[in-house]
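Below is one structure, written out as structure tokens, with a few remarks after it.
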Amino acid sequence: MDKVYSHKDVEERIYKEWENSGYFKPEINPQGKPYSIILPPPNANGALHFGHAMFAIEDILVRFHRMKGEAALWLPGTDHAGIETQFVFEKRLKNQGKSRLDFDRETLYKMIEEYVNEHRGGIESQLRTLGFSLDWSRAKYTLDPDIVKLVHKTFKKMYDDGLVYRDYRLVNYCTFDGTSFSDLEIVHEERISPLYYIKYGPLVLATTRPETKFGDTGVAVHPQDKRYQKYIGRQIEIETVLGKAKIKVIGDESVDQKFGTGVVKITPAHDFNDFEVAKRHNLPLKQVIGFDGKMNRFAGKFEGLYVRQARKAVVEEMQKKGLIEKIDENYKNRIGVCYKCKNVLQPLPLEQWFVKVKPLSQKAIQAVKDGKIKITPSNFEKQYFLWLENLRDWNISRQIVWGIQIPAWKCQKSEIRSGKSEPKPSELRTPISDNGHWTVTDGAKPKKCLQCDSANLEQDQDTLDTWFSSSQWPFAALRASPYNGDFEKFYPTSVMETGYDLLKAWVSRMVMMGIYVTGKVPFNNVLFHGLVNDPYGKKMSKSKGNVVNPLELVEQYGADAVRFALIYGNATGNDQALSYPKLDAARKFTNKLWNMGRFIEMKNVSSSKYQVVSIEELKKKAKHKNDKAMIEKVSELIGKVTNDLDKYNFNYAAEGLYDFVWHEFADKYIEDIKNRINPDSYIILNTLYLILLKLLHPFMPFVTEEIYQRLKFGKSIMVETWPK
RNA sequence: GGGCUCAUAGCUCAGUUGGUUAGAGCGUUACAUUGACAUUGUAAAGGUCAGAGGUUCGACUCCUCUUGGGCCCACCA
């Protein structure tokens with residue numbers, strides 16, 4: 001053995017050995033009880049980041065349970081990441097001077113597919129460099145045909161059960177990216193938006209969006225408001241920038257008498273609250289902003305202006321006409337912006353598919369309350385409950401091509417109008433559910449409309465929200481496994497380990513969908529890890545330019561050291577700042593461990609090389625009091641590390657091992673035994689050292705394996721059993 | 001507006017059901033060592049555990065408040 005441990009000569013070679021030997025498959029312990037973890041599938045098009053490096057926790061668990069003799073499965077996969085990927089691709093198009101609008105749906109899809117396929121495999125090889133013992137023979141991708149089929153099946157089942165429905169309602173729509181989003185994908189920003197006090201005939205009302213006034217179909221006051229009661233139910237005549245008009249005054253409880261003047265304009269097509277009010281009072285919906293972000297013909301001479309331009313023009317015009325009483329320039333409000341492009345989202349009316357969440361969320365809440373799912377750290381339970389309890393129906397339609405196209409066909413005969421076309425004045429309607437004929441299947445094109453037998457059907461152009469498919473990942477990946485019986489054997493999975501930032505978007509939805517489709521929870525434990533920030537504690541982000549690539553650290557320090565540094569000194573679920581001193585300490589630890597092995601190799605005094613016996617035999621063999629004491633201490637350590645791992649206290653385990661291996665075993669015991677080495681004490685030293693290697697193996701798989709093989713303890717430490 | 005979370009040594013962080021002199025890594029200081037260890041060992045300095053109050057025989061740990069960070073959620077015009 002060399003004086004210094006060199007990870008570069010070791011890691012890649014050992015990983016190949018492991019993989020080729022089939023050690024990552026649960027079949028190596030055919031009699032063992034099942035233990036399973038589904039890897040949170042990284043973006044197929046993405047690169048490794050620290051969120052992925054934290055999956056070291058999963059590797060620790062899997063290696064630990066595998067050594068305990070369990071049939072441990074860690075199933076890898078990749079996600080098509082619909083919006084993320086399409087947006088990245090569109091940026092590339094833009095750099096080439098092209099736009100997605102230059103291509104038809106099929107061509108665009110194929111182009112993105114090719115682009116992703118070029119990059120797929122990249123993320124997988126990166127996961128290998130971290131030493132992750134994933135069973136690659138079971139790897140799945142969210143767009144694998146068998147996965148897509150399962151997702152279609154779920155959609156149909158939900159449709160048949162009334163849990164997926166088509167509705168015409170307001171959605172948050174990004175007119176720059178051309179798609180709607182779910183509630184969760186909206187970023188709220190506080191901005192200063194002037195509050196305009198506008199004269200509406202005899203009334204004055206306050207609004208931040210004067211440009212939407214062309215879509216007003218009512219004016220609301222609080223029913224108990226003494227100031228305005230006399231107007232309720234009456235039509236009032238108002239002067240507008242487009243001339244005189246009449247508008248109805250209604251009384252609605254949602255109006256806050258204290259805000260502004262206590263009068264609200266009702267613009268059902270462009271405000272979520274107004275939409276609800278309009279429903280209650282049967283007011284028509286009048287869309288004045290198009291999906292291109294421009295004012296439409298209802299805006300008269302303002303047609304064709306973008307919202308922001310229109311606001312300016314309308315306000316100027318109103319001021320000329322004396323229709324503005326005052327402007328509060330310092331009014332702050334929170335506004336929804338696109339999480340991708342940061343542009344202001346428009347609430348726009350659109351026909352979309354929604355998931356009725358209440359029946360699903362109730363069961364998901366109950367599963368945690370009943371202890372069928374345990375969340376660690378437990379404080380995340382509160383967030384889980386809070387979110388699920390206040391959940392609104394989930395918009396799953398996305399106007400992008402990269403994803404799973406929705407298996408629903410619209411009968412063209414029954415078509416009233418497409419949600420994307422501009423409404424004609426004669427089509428002004430109250431906000432009611434879409435009443436076109438839809439035929440939903442589990443993927444195959446239907447021959448005719450189920451309601452009117454027409455054969456003129458067209459598939460919905462939209463795709464499913466990526467989270468709709470990824471929320472089915474645990475059971476879908478197992479059901480689509482190339483190995484028969486995987487689902488029955490490994491579902492529910494043992495642990496779902498992921499960053500806490502995915503609690504809402506993913507974890508809670510997996511629980512809902514898992515219970516709905518399979519009748520069982522998708523996993524028995526949820527384990528959250530924290531975020532890795534930059535060395536100054538600031539969140540890593542591309543825009544800040546402070547992103548550190550974990551692969552560079554692996555190159556420099558070795559995968560073992562990177563893994564150990566991320567685990568050591570970091571309580572489960574807490575954020576951490578990337579620490580170079582800690583990385584250095586971890587690297588030195590691998591070197592220390594290596595040199596302990598080197599010492600054993602050099603001091604070989606035994607005739608039978610590196611002989612190892614059981615700890616029971618060892619206890620009988622030991623005569624020297626220091627040997628006896630050390631055997632006792634190692635026994636205690638085994639219990640402590642096992643217990644810490646069972647309780648997900650990875651940092652305790654790592655710290656305990658580090659401290660013991662270095663400062664007890666090396667500093668004291670090896671120093672002591674140096675002076676009295678003989679065949680008996682040598683066997684004791686070997687045996688205890690091997691135990692320590694095994695205990696460390698889940699944390700630092702490469703160096704422990706390399707030492708193990710160098711000292712010829714056996715073929716591979718991966719098939720050793722966990723010490724007792 | 002609601003919720004979560006953090007504040008412990010110069011820095012980055014542990015501290016597991018409240019229990020003897022509060023720990024680690026890095027850094028600092030002194031000494032030793034060429035050793036199995038491109039180093040390592042031995043020892044030392046350094047903390048009124050953010051502040052105030054409370055519960056308790058006993059509080060870094062539990063409760064309340066204050067201050068200062070961080071994060072998440074939210075359709076008040």
Side-chain angles (χ1 to χ4, degrees), chain A residues 1-6 170 172 183-184 186-188 190 193 195-198 205-210 212 219-220 254-256 258-267 270-277 331 333-336 345 347 377 379-387 390-392 500-501 503-504 530-531 533 535-539 564-565 568-603 640 643-644 647-649 651-652 654-656 658-659 662-663 666-668 670-671 674:
Chain A
M1 289 168 82
D2 294 338
K3 280 181 81 165
V4 182
Y5 171 63
S6 169
L170 294 195
N172 278 293
D183 292 345
L184 209 49
I186 297 151
V187 178
H188 289 88
E190 186 162 274
S193 354
L195 188 61
Y196 302 94
Y197 286 76
I198 301 172
L205 56 78
T207 180
T208 55
R209 302 202 57 190
T212 62
V219 172
S254 70
V255 179
D256 181 351
K258 291 189 207 85
F259 186 89
T261 58
V263 185
V264 191
K265 71 192 198 70
I266 299 299
T267 321
H270 301 293
D271 183 278
F272 289 97
N273 186 57
D274 294 1
F275 185 86
E276 296 303 318
V277 173
Y331 181 68
N333 71 344
R334 286 158 214 97
I335 203 151
L345 292 169
N379 56 289
F380 287 110
E381 275 185 13
K382 284 182 200 161
Q383 287 188 40
Y384 174 87
F385 290 137
L386 201 72
W387 192 66
N390 298 311
L391 203 50
R392 291 187 300 165
Y500 64 75
D501 51 328
L503 185 148
K504 299 178 179 76
L531 309 179
N533 293 319
Y536 305 99
K538 298 272 176 266
K539 199 168 177 170
F564 201 79
Y568 184 97
N570 174 242
T572 307
N574 278 9
D575 292 351
Q576 63 179 312
L578 182 66
S579 163
Y580 288 97
K582 206 157 83 172
L583 281 161
D584 212 38
R587 188 192 55 76
K588 283 181 180 165
F589 185 48
T590 59
N591 194 52
K592 185 76 182 179
L593 197 65
W594 173 263
N595 273 287
M596 290 160 69
R598 186 160 181 260
F599 173 79
I600 287 175
E601 186 188 50
M602 291 170 80
K603 291 287 154 126
K640 177 188 151 39
N643 184 42
D644 286 341
K647 290 187 172 161
Y648 304 137
N649 291 326
N651 57 324
Y652 297 168
E655 288 154 27
Y658 178 94
D659 191 56
W662 200 316
H663 301 301
D667 288 352
K668 295 188 182 133
I670 292 185
E671 289 305 321
K674 265 181 189 171

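Chain identifiers are assigned alphabetically (A, B, ...) following the order of the sequence lines, protein sequences preceding nucleic acid strands; residue numbering begins at 1 within each chain.
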statement: Of C37(B), C73(B), G1(B), the nucleotide closest to the side chain of Arg598(A) is C37(B)

- request: Tell whether Lys674(A) reaches the base of A36(B) with its side chain through a donor-acceptor pair below 3.5 angstrom.
  value: yes

- request: May I ask you to verify if any side-chain N or O of Tyr580(A) is less than 4.0 angstrom from the OP1 or OP2 atom of U12(B)?
  value: no

message: Side chains of His663(A) and Asp667(A): any donor to acceptor distance under 3.5 Å?
response: yes

query: Given G41(B), G1(B), A36(B), which nucleotide is nearest the side-chain atoms of Met602(A)?
result: A36(B)

message: With a 4.0 Å limit, can you tell me whether His188(A) has a side-chain N or O closer than that to the phosphate oxygens OP1/OP2 of C75(B)?
response: yes

message: Students often get this wrong, so: under 4.0 angstrom with heavy atoms, is Lys592(A) touching a base, only sugar-phosphate, or nothing?
response: base

query: In terms of the nearest nucleotide of RNA chain B, which residue is placed more toward the 5' end: Ala206(A) or Leu184(A)?
result: Leu184(A)

message: For a quick check of understanding: with a heavy-atom distance under 4.0 Å over all strands, which category does Asp274(A) fall into, base, sugar-phosphate or nothing?
response: nothing

task: Write down the distance separating the C1' atoms in G46(B) and A22(B), rounded off to the nearest Å.
output: 13 Å

message: Rounding to an integer number of Å, can you tell me how far Lys3(A) NZ sits from C37(B) P?
response: 5 Å

message: Within the 4.0 Å heavy-atom criterion, would you say Arg209(A) contacts the bases, only the backbone, or no part of the nucleic acid?
response: nothing

- prompt: Taking atom P in both C49(B) and C62(B), what distance in whole Å separates the two?
  reply: 15 Å

task: Do nucleotides 2-11 of chain B as a string where each nucleotide becomes B, S or -: B if the base has a protein heavy atom under 4.0 Å, S if just the sugar-phosphate does, - if no protein is that close.
output: -SSS------

- prompt: Rounded to the Å, how far apart are Ile266(A) CD1 and C75(B) C1'?
  reply: 12 Å

message: Once you apply a heavy-atom cut-off of 4.0 Å, does Asp256(A) come out as touching a base, just sugar-phosphate, or nothing?
response: base

- prompt: Using atom C1' of each nucleotide, how far apart are G69(B) and U8(B) to the nearest Å?
  reply: 16 Å

query: Which distance, rounded to the nearest 0.5 Å, do you find between the CG of Leu205(A) and the CG of Leu195(A)?
result: 9.5 Å

message: So which atom in Tyr648(A) and which in Thr572(A) form the shortest heavy-atom distance, rounded to 0.1 Å?
response: O-OG1, 2.8 Å

task: Quote, to the nearest angstrom, the C1' distance that separates G10(B) from C4(B).
output: 31 Å

- request: Would you tell me if any nitrogen or oxygen in the side chain of Arg392(A) comes within less than 4.0 Å of OP1 or OP2 on C75(B)?
  value: yes

- line: When rounded to whole Å, the CG to P distance for the pair Leu593(A) and C37(B) reads 15 Å

Can you tabulate the close N/O pairs, meaning under 3.5 Å, that link protein atoms to atoms of nucleotides 18-26 of chain B?
residue	atom	partner	partner atom	Å
A24(B)	O2'	Tyr568(A)	OH	2.3

task: For nucleotides U34(B) and G27(B), find the distance between their P atoms and express it as a whole number of Å.
output: 23 Å

Nearest-Å distance for atom pair CZ/P, residues Phe599(A) and U40(B): 17 Å

query: When rounded to the nearest Å, what value does the distance between P atoms of G70(B) and C26(B) take?
result: 30 Å

message: From CH2 of Trp662(A) over to C1' of U40(B), roughly how many Å is that when rounded to an integer?
response: 8 Å

query: Looking at residues at least two apart in the chain, or sitting in another chain, which of them share a side chain to side chain contact (heavy atoms under 4.5 Å, CB included) with Asn591(A)?
result: Val4(A), Tyr5(A), Trp594(A), Asn595(A)

query: Considering residues at least two apart in sequence or located in another chain, which fulfil the salt bridge (Lys or Arg N to Asp or Glu O under 4.0 Å) criterion with Lys3(A)?
result: none

Pairwise C1' distance, C13(B) and G47(B) [rounded to whole Å]: 14 Å

message: If you only use heavy atoms from C-beta on, which nucleotide in A74(B), G41(B), C13(B) is closest to the side chain of Asp667(A)?
response: G41(B)

- prompt: Closest to the Asn649(A) side chain: U16(B), G15(B), G1(B)?
  reply: U16(B)

- line: Testing C75(B), A74(B), A14(B) for proximity to the side chain of Asn273(A), the answer is C75(B)

message: Holding to salt bridge (Lys or Arg N to Asp or Glu O under 4.0 Å), I want the full list of residues that pass it with Lys674(A), two or more places apart in sequence or in another chain.
response: Glu671(A)

task: For G68(B) versus G25(B), give the span between their C1' atoms, rounded off to a whole number of Å.
output: 27 Å

- line: Correct closest heavy-atom pair for Asn651(A) and Asn570(A) would be CB-O, 3.3 Å

query: Closer than 4.0 Å, any side-chain N/O of Lys603(A) to the OP1 or OP2 of A36(B)?
result: yes

message: So Phe385(A), base contact, sugar-phosphate only, or nothing? Heavy-atom distance under 4.0 Å.
response: nothing

- prompt: Heavy atoms under 4.0 Å, any strand shown: does Glu671(A) hit a base, just sugar-phosphate, or nothing?
  reply: base

- request: Check the distance between G70(B)'s P and Asp575(A)'s CG and give it to me in whole angstrom.
  value: 13 Å

field: Nearest listed nucleotide, side chain of Asn651(A), among G15(B), C37(B), G1(B)
entry: G15(B)

query: Does RNA chain B take part in any stems of at least 3 consecutive Watson-Crick or G-U pairs (both distances under 3.5 Å), and if so, which ones?
result: B:1-7 with B:67-73, B:10-13 with B:23-26, B:28-32 with B:40-44, B:50-54 with B:62-66

